[in-house]
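What follows is a set of notes on a single structure, which appears directly below.
No experiment lies behind these values; they were computed from the predicted model shown.
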Amino acid sequence: MFKITEISPQQKGNLLNVFVNGEYSFSADSGFIVDEDIFVGRSLENDGLCALKRSAEIRKAVRHALYLLEHRDFSKKELSKRLEEKGYDEECSLAAAEKIAEMGYINDRRYAERLVERKKNKVGLQQIRYELAKAGICREELDDVLAETYAESDGVDAVVKEMRRKLKGKTVDPDDRKAMSKLFNSFRAKGFDFETIKDAYEKYCENEDE
C-alpha cells in the first residue's frame, strides 16, 4: 500500500510535485490533481499509483505537444517522434499524439494536403511521396490526397519555371549530352521523373522560340 504524503509546488514552472511514502513520485498540473482526486493522505495500491503516474506523464506530453504545435504543423508520427526526442518514452509519446489528434489539433490528411500545396511548385512527385511516407501518412491516404491535389501539369509547370530561372532564356543543344544530362539530373535530384522533365523542356523551348 502507498500513501500520498505531500503535494508541493515546484520551484520553477507551474507543476506540483507529488510525494508518496515520503519520496518524490511524480509531478502534475493542478487540474490533473483536482480531476484525479489526488490529496495528502490518500492510499493507493501499486496498480493505481502506476496508472496515475502514467496518466500524469501523458498529460505533460500533451501539454508539450500543444506548445510544439504553436510553431509548426506535425503529422501524428512526427509529433510522436518529436516528443520522444524531448524525453518521453515511445508509449507515452504515441498516446499523447493520438490524444492531440482526437482533439483535432493535428490531422494527417490535412497535413498531407498542406504539404502537397507547399511543395508541388518546388519538388517533384517522387520527392513529395517520399516526404509524405516519411511523415507517416498511410499509402491509401497518400494516394488519395495526391489524386485530389496534384496534377501532371503541376510538375511540368514547376520545372519550366525553374528552367527559366536557370537558363535565363537560353536553350541547351540537344546534342550536348553532358549539358543535357546536367540539366536533367538537377531536376531528377528534386524528385521529378524523366518524362516530366522532358515535357517541361519541350514546353520551355516552345515558349522561348515564340
Side-chain angles (χ1 to χ4, degrees), residues 61-62 64-86 88 90-169 171-172 174 180-210:
V62 168
H64 198 131
L66 290 172
Y67 167 76
L68 292 173
L69 286 167
E70 291 178 3
H71 302 281
R72 54 156 290 195
D73 194 17
F74 291 88
S75 67
K76 185 164 69 174
K77 178 181 177 180
E78 285 180 333
L79 185 59
S80 178
K81 290 299 182 183
R82 182 60 64 88
L83 289 171
E84 284 187 56
E85 292 171 2
K86 296 298 181 180
Y88 298 96
E90 182 178 358
E91 182 182 349
C92 177
S93 297
L94 181 57
E98 289 178 343
K99 179 66 174 178
I100 291 292
E102 291 172 6
M103 296 165 70
Y105 290 110
I106 58 174
N107 180 287
D108 277 0
R109 184 180 184 86
R110 184 177 66 220
Y111 174 92
E113 291 171 346
R114 289 175 176 175
L115 186 146
V116 174
E117 287 300 322
R118 192 170 67 249
K119 294 282 188 175
K120 67 181 182 180
N121 294 323
K122 300 177 182 178
V123 299
L125 183 58
Q126 294 172 354
Q127 178 65 24
I128 291 174
R129 281 187 172 278
Y130 168 78
E131 292 189 27
L132 289 173
K134 184 179 179 182
I137 310 302
C138 70
R139 178 64 179 272
E140 182 178 352
E141 188 124 75
L142 187 158
D143 289 340
D144 193 30
V145 168
L146 287 173
E148 291 184 4
T149 60
Y150 190 93
E152 283 187 26
S153 59
D154 290 326
V156 172
D157 291 344
V159 175
V160 169
K161 181 180 178 181
E162 181 62 11
M163 280 184 178
R164 286 176 180 151
R165 188 191 70 80
K166 281 177 172 288
L167 301 177
K168 299 178 181 179
T171 58
V172 178
M180 289 295 289
S181 178
K182 181 179 179 181
L183 178 65
F184 274 51
N185 286 340
S186 69
F187 289 103
R188 292 294 296 274
K190 292 184 177 182
F192 295 99
D193 61 73
F194 179 83
E195 286 301 318
T196 296
I197 304 169
K198 177 176 173 292
D199 291 344
Y201 185 69
E202 290 175 354
K203 184 176 181 179
Y204 167 81
C205 290
E206 289 174 1
N207 291 336
E208 294 307 313
D209 289 341
E210 291 178 359

Show me the side-chain donor-acceptor pairs of residues 90-103 shorter than 3.5 Å, one per line, residues at least two apart or across chains.
{"from": "S93", "atom 1": "OG", "to": "E84", "atom 2": "N", "distance (Å)": "3.3"}
{"from": "S93", "atom 1": "OG", "to": "Y88", "atom 2": "O", "distance (Å)": "3.4"}
{"from": "S93", "atom 1": "OG", "to": "D89", "atom 2": "O", "distance (Å)": "2.9"}

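- The side-chain contact (heavy atoms from CB on, under 4.5 Å) test applied to D143 returns R129, R139, not counting sequence neighbours.
- Judged as a salt bridge (charged side-chain N to carboxylate O under 4.0 Å, His left out), and not counting sequence neighbours, R110 has no contacts.
- Contact check for I106 versus Y111: no side-chain heavy atoms found under the 4.5 Å cut-off.
- Using a 4.5 Å heavy-atom threshold, the side chains of K203 and V159 count as separate.
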List the steps and the verdict of side chain to side chain contact (heavy atoms under 4.5 Å, CB included) for D193 and Q126.
CA-CA 7 Å; D193 61 73; Q126 294 172 354; 3.8 Å; yes
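- Listed by chain and number, the residues in a side-chain contact (heavy atoms from CB on, under 4.5 Å) with S153 are A151, D157 (sequence neighbours excluded).
- The minimum heavy-atom distance linking K120 with E117 is given by the pair NZ-OE2, 3.2 Å.
- Not a single donor-acceptor pair under 3.5 Å links the side chain of S80 to the backbone N or O of K77.
- In this structure a side-chain-to-backbone donor-acceptor pair under 3.5 Å is missing from D199 to V156.
- Every residue was checked against the side-chain hydrogen bond (donor to acceptor under 3.5 Å, both in side chains) condition with T149, not counting sequence neighbours, and none meets it.
- For Y150, the ring pair (Phe, Tyr, Trp, His ring centres under 6.0 Å) criterion is met by no residue, not counting sequence neighbours.
- To the nearest 0.5 angstrom, S181 atom OG is 10.0 Å from R188 atom CZ.
- Put simply, OH on Y201 and OG1 on T171 are 5.0 Å apart, with the number rounded to the nearest 0.5 Å.
- Atom NZ of K166 sits about 8.0 Å away from atom NZ of K182, to the nearest 0.5 Å.
- Residues M163 and F187 form a side-chain contact, since some pair of their non-hydrogen atoms from C-beta on lies under 4.5 Å apart.
- With sequence neighbours left out, E113 forms a salt bridge (charged side-chain N to carboxylate O under 4.0 Å, His left out) with R109.
- Applying the salt bridge (charged side-chain N to carboxylate O under 4.0 Å, His left out) criterion to E85, with sequence neighbours excluded, gives R82.
- Counting non-hydrogen atoms of neighbouring residues, nucleotides and ligands closer than 6.0 angstrom, the CD atom of E141 exceeds 12 such neighbours.
- Remark: side-chain polar atoms of Y105 are not paired, donor with acceptor, to backbone N or O of A65 under 3.5 angstrom.
- Within a 6.0 Å sphere centred on NZ of K119, heavy atoms belonging to other residues, nucleotides or ligands number 12 at most.
- Taken to the nearest 0.5 Å, the OG1 atom of T196 stands 10.5 Å off from the CG atom of D154.
- Every side-chain contact (heavy atoms from CB on, under 4.5 Å) that A158 has, sequence neighbours left out, goes to F192.
- When the side-chain hydrogen bond (donor to acceptor under 3.5 Å, both in side chains) test is applied to Q127, the partners found at least two apart in sequence or on another chain are E131.
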Which donor-acceptor pairs under 3.5 Å do side chains of residues 66-73 form with protein atoms, sequence neighbours excluded?
{"from": "R72", "atom 1": "NH2", "to": "E78", "atom 2": "OE1", "distance (Å)": "3.1"}

Determine whether I197 and L183 satisfy the following criterion, side chain to side chain contact (heavy atoms under 4.5 Å, CB included), listing intermediate values before the conclusion.
CA-CA 9 Å; I197 304 169; L183 178 65; 5.9 Å; no
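- Shown here are the salt bridge (charged side-chain N to carboxylate O under 4.0 Å, His left out) partners of K198, two or more places apart in sequence or in another chain: E202.
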